[in-house]
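Worksheet: one structure, shown below.
In what follows, every chain begins at residue 1, and chains take the letters A, B, ... in the order their sequences are listed. Hydrogens, waters and symmetry mates play no part in the numbers below; they use all other heavy atoms, side chains included.
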Amino acid sequence: MTTETIQLLTPEGERVERPDYPLGDVDIRGMYRDMVLVRRLDSEAVALQRQGELGLWASLLGQEAAQVGSARALSPRDMAFPSYREHGVAWCRGLPPVRLIEMFRGVNNGTWDPEEHKFHLYTIVIGDQALHATGYAMGIQRDASEDEAVIAYFGDGATSQGDVSEAFGWAAVFHAPVVFFCQNNQFAISAPPERQSRVPIYQRASGFGFPGVRVDGNDVLACYAVTRKALRAARDGEGPTLIEAFTYRMGAHTTTDDPTRYRLASEVEAWRLRDPIERVRAYLARTREADAAFFEQVEAEADELAATLRAACLALPDPPPMSLFDHVYASAGGGSGSAILDAEREQYAAYLGGFAEEGAE
Amino acid sequence: MTTETIQLLTPEGERVERPDYPLGDVDIRGMYRDMVLVRRLDSEAVALQRQGELGLWASLLGQEAAQVGSARALSPRDMAFPSYREHGVAWCRGLPPVRLIEMFRGVNNGTWDPEEHKFHLYTIVIGDQALHATGYAMGIQRDASEDEAVIAYFGDGATSQGDVSEAFGWAAVFHAPVVFFCQNNQFAISAPPERQSRVPIYQRASGFGFPGVRVDGNDVLACYAVTRKALRAARDGEGPTLIEAFTYRMGAHTTTDDPTRYRLASEVEAWRLRDPIERVRAYLARTREADAAFFEQVEAEADELAATLRAACLALPDPPPMSLFDHVYASAGGGSGSAILDAEREQYAAYLGGFAEEGAE
Amino acid sequence: MTRLTLSRALNEGLRRSLENDPKVMIMGEDVGKLGGVFRVTDGLQKDLGEHRVVDTPLAESGIVGTAIGLAMRGYRPVCEIQFDGFVYPATDQIVSQLAKMRYRSKGKVALPVVIRIPFGGGIGAVEHHSESPEVFFAHTAGLRVVACADPADAYAMIQLAIASDDPVIFFEPKRRYWDKAEVDTAAPLSAALPLDQARTVHPGNDVTLLSYGPLVRTCLEAALAADADGRSVEVIDLRSLSPLDMATVSASVARTGRCVIAHEAPVYAGLGAEIAARVTEQCFYSLEAPVLRVGGFAIPYPSARLEEHYLPDLDRILDAVDRTFAY
Amino acid sequence: MTRLTLSRALNEGLRRSLENDPKVMIMGEDVGKLGGVFRVTDGLQKDLGEHRVVDTPLAESGIVGTAIGLAMRGYRPVCEIQFDGFVYPATDQIVSQLAKMRYRSKGKVALPVVIRIPFGGGIGAVEHHSESPEVFFAHTAGLRVVACADPADAYAMIQLAIASDDPVIFFEPKRRYWDKAEVDTAAPLSAALPLDQARTVHPGNDVTLLSYGPLVRTCLEAALAADADGRSVEVIDLRSLSPLDMATVSASVARTGRCVIAHEAPVYAGLGAEIAARVTEQCFYSLEAPVLRVGGFAIPYPSARLEEHYLPDLDRILDAVDRTFAY
Ligand SMILES: Cc1ncc(C[n+]2csc(CCOP(=O)(O)OP(=O)(O)O)c2C)c(N)n1
Ligand SMILES: Cc1ncc(C[n+]2csc(CCOP(=O)(O)OP(=O)(O)O)c2C)c(N)n1
Ligand SMILES: [Mg+2]
Ligand SMILES: [Mg+2]
């Protein structure tokens with residue numbers, strides 16, 4: 001089997017014509033802007049982590065095109081199930097970035113209403129969300145809703161998890177309207193994709209009986225067009241598609257990782273030449289779809305976003321201790337929903353109260 | 001994709017030439033004999049269960065060719081990992097049938113030394129053994145042993161389990177010398193294969209990067225030749241193969257199942273025309289490779305086997321109560337290997353002793 | 001009032017839930033056409049349709065994982081795990097996702113999923129068909145874990161579980177599926193005992209005997225035998241294993257001064273340990289004897305021909321009751 | 001004697017096992033080139049080779065399942081589960097296969113597999129990285145479950161675990177990985193305390209304080225603080241969570257008359273329950289107070305900014321000690 005990679009924009013910023021992957025009325029300037037903003041958001045978060053303000057951060061550096069391109073292909077009613085690195089998708093769905101910051105700061109475990117922005121909570125256990133996405137898509141079928149689909153994000157490493165294969169099987173058998181979007185960023189922490197699969201990842205789909213396609217993950221136009229087509233197929237009752245976005249994790253796995261232990265600087269340099277933002281900038285400049293003022297304005301917006309985000313982060317209050325006991329169960333009245341937990345809560349409140357009294361003495 | 005099914009013997013007993021699947025020096029009479037004997041063994045076990053002598057039995061009726069053909073392709077050093085229905089494989093590996101009977105009688109949970117006959121214990125949790133087989137094959141690689149391979153048996157239903165997909169992935173990535181032999185008997189209890197896969201099962205392998213092949217599972221010669229070729233490839237360092245033996249479960253799922261609830265008698269009848277034993281008998285008779293005396297002798301052997309098995313079953317002693325506590329841990333001396341368990345054992349012995357005393361009073 | 005088996009009572013309860021709420025669904029292996037290996041879902045697919053009663057692929061993690069997704073979409077899936085020993089492939093989805101989602105999201109995502117598990121031994125089965133894994137789930141915060149013991153309660157409890165906005169692990173005593181009793185299918189659900197309360201099934205004064213699921217009947221038989229010997233045993237069916245109704249339990253033990261717990265699961269780190277520890281904390285000055293536990297040994301479930309020695313029976317339970325009087 | 005961190009001590013112990021027995025292998029995610037996310041396997045692949053130290057695909061069931069196959073072939077795999085919260089996908093292979101194989105086969109198949117799990121909280125991590133799932137495995141017959149607490153013991157225990165012919169679930173206190181202490185790497189393994197024995201790490205007379213893993217250090221600190229207040233606390237590091245060394249525990253409690261257990265896992269149906277129940281049975285007449293438990297609440301592990309309230313610390317442990325004197 002040959003590995004064809006769908007590309008609509010070369011690293012040099014030249015458009016490649018692919019009538020089979022139409023772009024429609026695409027807003028390339030908007031895509032550029034989103035990518036610049038999320039990159040900035042990301043680097044600000046890395047900085048905040050370095051300064052001790054966040055417990056951890058998983059950088060998306062290098063994956064902006066894969067995330068912005070695919071997310072922009074979603075209709076407002078489509079539902080996205082992210083892994084833990086999809087800050088660019090979150091951005092495109094309109095989730096306030098501080099929601100992500102809260103989670104990585106440790107203020108909460110990722111607390112937003114998934115239906116509000118049609119963007120689900122982050123999932124940290126690798127692969128689990130692939131089944132949730134499939135189940136959600138089965139719900140869409142039961143609602144006989146024809147203009148909704150689901151997208152599930154996961155990494156190259158996730159494809160080894162049994163749950164992801166189970167999701168492939170279920171989605172195929174039930175013809176569920178779900179697009180599996182795998183960002184192959186060449187690493188599962190230190191492991192290369194060859195450790196997860198003997199053949200290119202997009203080919204996994206064929207064994208389950210649905211189409212798989214590889215797209216240049218650093219090409220925002222291609223990611224957009226390929227995802228759009230797959231989502232349409234899903235909404236039209238044609239079942240699932242697996243998209244492998246071939247990209248590269250330019251940063252560390254997370255802020256606690258040291259990638260120099262397992263990869264060469266030269267490899268990173270080679271990928272820098274395929275930067276997802278540069279090629280769009282080159283395209284916009286060459287075609288004069290954008291001028292210097294536009295680029296400057298986007299930079300200014302990015303600076304502002306970063307500053308706002310930093311301020312919001314620093315202003316985040318720590319959660320009150322007794323909130324520990326909230327939302328374990330559905331509860332009526334003032335109880336926690338569990339008599340056992342009520343007792344623990346009372347005891348702990350009394351214990352904390354004891355310190356307060358001591359302090360008062 | 002087209003579904004090509006390898007067949008070397010038609011249902012009418014005509015040989016089909018397939019130079020790509022050579023038979024070598026094959027003992028067709030021996031295969032016939034094995035199939036007749038295991039069918040008889042199986043029906044005797046069903047009878048024993050009906051008479052209350054076994055707790056349960058999973059009948060192989062209809063799957064004799066898939067099991068005998070594949071098992072006969074194994075070299076003495078190859079290791080087989082069965083599911084729970086591979087009585088025909090057990091037979092070909094030389095495992096005394098009473099070992100299987102013990103387990104289904106409830107005397108034990110399947111107690112034989114897997115290395116003695118190169119036939120592992122039955123595995124009841126669907127799919128688990130696929131990973132064991134893969135790990136064992138990785139051990140063969142580490143031993144740098146070039147004339148050993150592993151075969152893992154499982155059903156069509158098992159292909160939905162995450163563990164089986166994980167095994168496919170691992171075997172492919174590590175190029176492990178393992179053959180996955182899936183008996184697609186058209187049912188996972190009541191579920192048809194369409195509930196497990198949108199495409200023919202053998203195609204699953206391609207997505208993981210190794211070959212898959214469908215064989216007529218009621219054709220013992222084809223099962224033999226296809227398995228033999230796959231095992232050779234495995235031993236030669238060419239990695240795994242998935243074989244889908246397309247067959248039919250003529251009986252109930254187990255003796256507790258009522259298949260009339262979910263399938264038509266007419267379907268069963270249609271498959272009866274493709275009986276795996278009849279076609280070999282027809283072939284042997286037509287080619288005069290066997291005469292009436294041979295067939296009679298095999299019947300006589302089968303009768304004797306059944307009688308011996310029944311006698312052995314009825315003679316099985318119940319395990320002594322205190323054997324409950326044996327072999328939980330490796331133990332030195334008289335202990336169980338656990339002080340906690342020692343205490344329970346002592347207490348229970350005293351408790352039983354109390355009854356004995358009461359009785360003596 | 002109709003006389004129903006426990007299996008049938010569950011079937012009627014499921015049917016009522018399916019009929020009353022179009023969001024309720026049933027999913028699992030062989031639950032549709034076959035009606036489940038224990039016939040608990042018999043006839044439901046035929047009457048409610050394939051979208052409501054779904055025969056799934058053979059994958060327990062898939063069943064729970066997609067049920068979670070369906071619940072996120074507003075459905076109320078009732079999953080069947082065919083046998084206790086096959087719930088383990090779904091552990092990750094249950095422990096890491098199902099149990100934690102409400103807490104994680106600060107109440108924004110509710111997952112009203114019920115996982116039905118036929119559990120326990122005594123049916124002469126092969127390996128993995130007789131397990132009692134309840135403590136795994138009881139230890140997992142965010143789940144409700146309950147066990148039914150008789151037809152009438154099973155009928156109400158399954159409906160209460162489905163109506164609960166929390167995930168519920170619902171254990172069914174498989175060797176009691178064919179026990180028959182009167183069930184009032186006309187009674188309103190609002191009249192049923194809440195899901196998280198224990199019930200005293202036999203009042204007594206000398207010792208408190210706690211159990212749940214299949215052993216409730218055995219404990220009742222033990223209490224009757226003890227009555228005949230002039231010893232008054234109070235039997236409590238815990239029903240909810242997490243959270244635990246300690247109010248009912250402690251009130252009884254405070255009165256009787258003695259307590260025995262029986263379950264099939266291994267005693268070692270089993271649910272009885274929690275109950276014993278808690279009862280001792282709450283009734284320290286009333287206890288005449290340590291809380292004694294009767295249960296499985298610290299061994300894997302044995303083969304069928306040995307299970308009578310493994311399973312706590314009337315004699316072993318009475319032996320423990322006797323031992324509490326030796327203090 | 002060398003001063004080593006706990007992480008390094010494990011590394012040295014693993015290295016010694018790899019060097020002494022060609023059948024020993026290490027497998028897991030990122031254990032090779034990267035040396036593990038906590039560097040426990042640092043340098044081992046480089047020195048022993050890719051066949052001995054295997055970077056696996058990202059699949060925990062696969063890791064344990066293939067380790068079982070390798071063990072059947074005569075190998076002694078040491079699996080690393082990267083974090084506690086990621087062991088659940090492997091539950092089925094651990095509970096249904098690894099734990100039961102010896103019993104199933106009546107001793108014909110031994111599975112000397114070690115599963116290393118960095119566990120517990122206190123490192124400010126995101127969700128699923130701070131769990132304490134030990135009781136799942138302690139309840140599962142056929143497994144040995146142990147936890148190390150300090151560098152010297154970790155060095156010996158990992159080697160003992162690898163040498164054991166039983167499957168061992170080996171818990172490592174991740175927030176203590178960087179604790180340093182003297183380790184005698186020259187001492188023969190035969191001199192080490194057997195894997196299934198508890199050890200008294202601080203002798204005392206007034207109350208017995210039991211723990212394991214990360215809280216052993218906290219308990220020692222609590223004992224020192226109590227000493228200063230004139231209260232003599234005996235601290236026991238349980239080491240083996242299954243089987244439990246009740247001889248050591250009961251002897252201590254019989255002497256002190258009071259007992260407190262501390263662990264990070266939720267108290268509800270946690271290991272402390274078993275210990276409390278058992279201690280009460282065995283020391284009923286010596287107990288001056290009920291056995292008290294300090295541990296996590298019946299909630300999912302909270303986010304990092306709340307974990308200090310969740311984790312038992314010196315104050316909460318001393319509070320429980322105090323409470324046992326109120327009886
Ligand atoms: C079940 C599980 N096992 C292990 C981990 C630890 N872990 C976190 S991220 C990661 C690698 C994931 O790689 P990939 O799927 O390619 O996603 P990426 O991080 O590259 O975006 C691992 C092993 C986890 N989170 N979940
Ligand atoms: C993990 C697991 N889930 C459910 C079961 C119950 N069960 C036993 S056999 C079976 C069907 C298996 O079908 P298949 O894999 O096709 O094998 P066959 O019985 O047809 O040989 C099921 C669901 C099981 N044994 N293990
Ligand atoms: Mg990756
Ligand atoms: Mg089948």
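- More than 12 heavy atoms of other shown residues, nucleotides or ligands fall within 6.0 angstrom of atom CZ in C/Arg16.
- Between C/Asp165 and A/Tyr329 the shortest side-chain heavy-atom distance does not fall below 4.5 Å.
- In plain terms, the two heavy atoms of C/Tyr103 and A/Leu324 that are nearest each other are OH-O, 2.6 Å.
- Between C/Lys23 and A/Asp143, at least one side-chain nitrogen of the basic residue sits less than 4.0 Å from a carboxylate oxygen of the acidic one, meeting the salt-bridge criterion.
- A salt bridge links C/Arg73 with A/Glu148: the closest approach of a Lys/Arg side-chain nitrogen to an acidic carboxylate oxygen falls below 4.0 angstrom.
- Residues C/Ser105 and A/Trp112 form no side-chain contact, since every pair of their non-hydrogen atoms from C-beta on lies 4.5 Å or further apart.
- Nearest approach of A/Ala330 to C/Asp166, heavy atoms of both residues: N-OD1, 2.8 Å.
- With a 4.5 Å cut-off on non-hydrogen atoms, C/Ser96 touches chain A through its side chain but not through its backbone.
- More than 12 non-hydrogen atoms from other residues, nucleotides or ligands lie less than 6.0 angstrom from NZ of C/Lys108.
- Annotation for C/Gly62 and A/Glu166: closest pair N-OE1, 2.7 Å, computed over non-hydrogen atoms.
- In this structure, chain A has no heavy atom under 4.5 Å from any part of C/Val64.
- In this structure, chain A has heavy atoms under 4.5 Å from both the backbone and the side chain of C/Arg144.
- When heavy atoms are compared at a cutoff of 4.5 Å, C/Ala59 approaches chain A by way of both its backbone and its side chain.
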Query raised in the report: Do C/Gln97 and A/Thr123 pass the side-chain contact (heavy atoms from CB on, under 4.5 Å) test, and can you show the C-alpha distance, the side-chain angles, and the key distance before you say yes or no?
Result: CA-CA 9 Å; C/Gln97 304 301 337; A/Thr123 297; 3.8 Å; yes
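- Both the backbone and the side chain of A/Asp128 come within contact range of chain C, with heavy atoms under 4.5 Å apart.
- Interface remark: C/Ser240 contributes no atoms to any contact with chain A (heavy atom separation under 4.5 Å).
- C/Ser61 OG to A/Asp163 CG: the interatomic distance, rounded to the nearest 0.5 Å, is 3.5 Å.
- Of the atoms belonging to C/Glu50, it is backbone heavy atoms, and not side-chain ones, that fall under 4.5 Å from chain A.
- The number of heavy-atom neighbours closer than 6.0 Å to CD of C/Gln197, taken from other residues, nucleotides and ligands shown, is above 12.
- Heavy-atom distances place no part of A/Gln129 under 4.5 Å from chain C, backbone and side chain included.
- Pairing each heavy atom of C/Met101 with each of A/His132, the nearest pair is CE-CE1, 4.4 Å.
- For the residue pair A/Trp170 and C/Thr56, the shortest heavy atom distance occurs at CH2-CB, 3.3 Å.
- From A/Leu131, atom CG reaches atom CG of C/Leu70 across 11.0 Å, with rounding to the nearest 0.5 Å.
- Both the backbone and the side chain of C/Ile63 come within less than 4.5 Å of a heavy atom in chain A.
- Note: C/Lys106 NZ to A/Asp326 CG = 7.0 Å, rounded to the nearest 0.5 Å.
- C/Arg102 and A/His327 get closest at one heavy-atom pair: CG-O, 3.2 Å.
- Within the 4.5 angstrom heavy-atom criterion, atoms from both the backbone and the side chain of C/Met72 approach chain A.
- A distance-only check finds a donor-acceptor pair linking the side chain of A/Thr111 to the backbone of C/Arg104 [under 3.5 Å].
- Using a 4.5 Å cut-off between heavy atoms, A/Ile140 touches chain C through backbone and side chain atoms alike.
- In this structure, the side chain of C/Tyr75 does not engage the main chain of A/Gly135 through any donor-acceptor pair within 3.5 Å.
- The closest side-chain heavy-atom distance from A/Pro114 to C/Val109 is below 4.5 Å.
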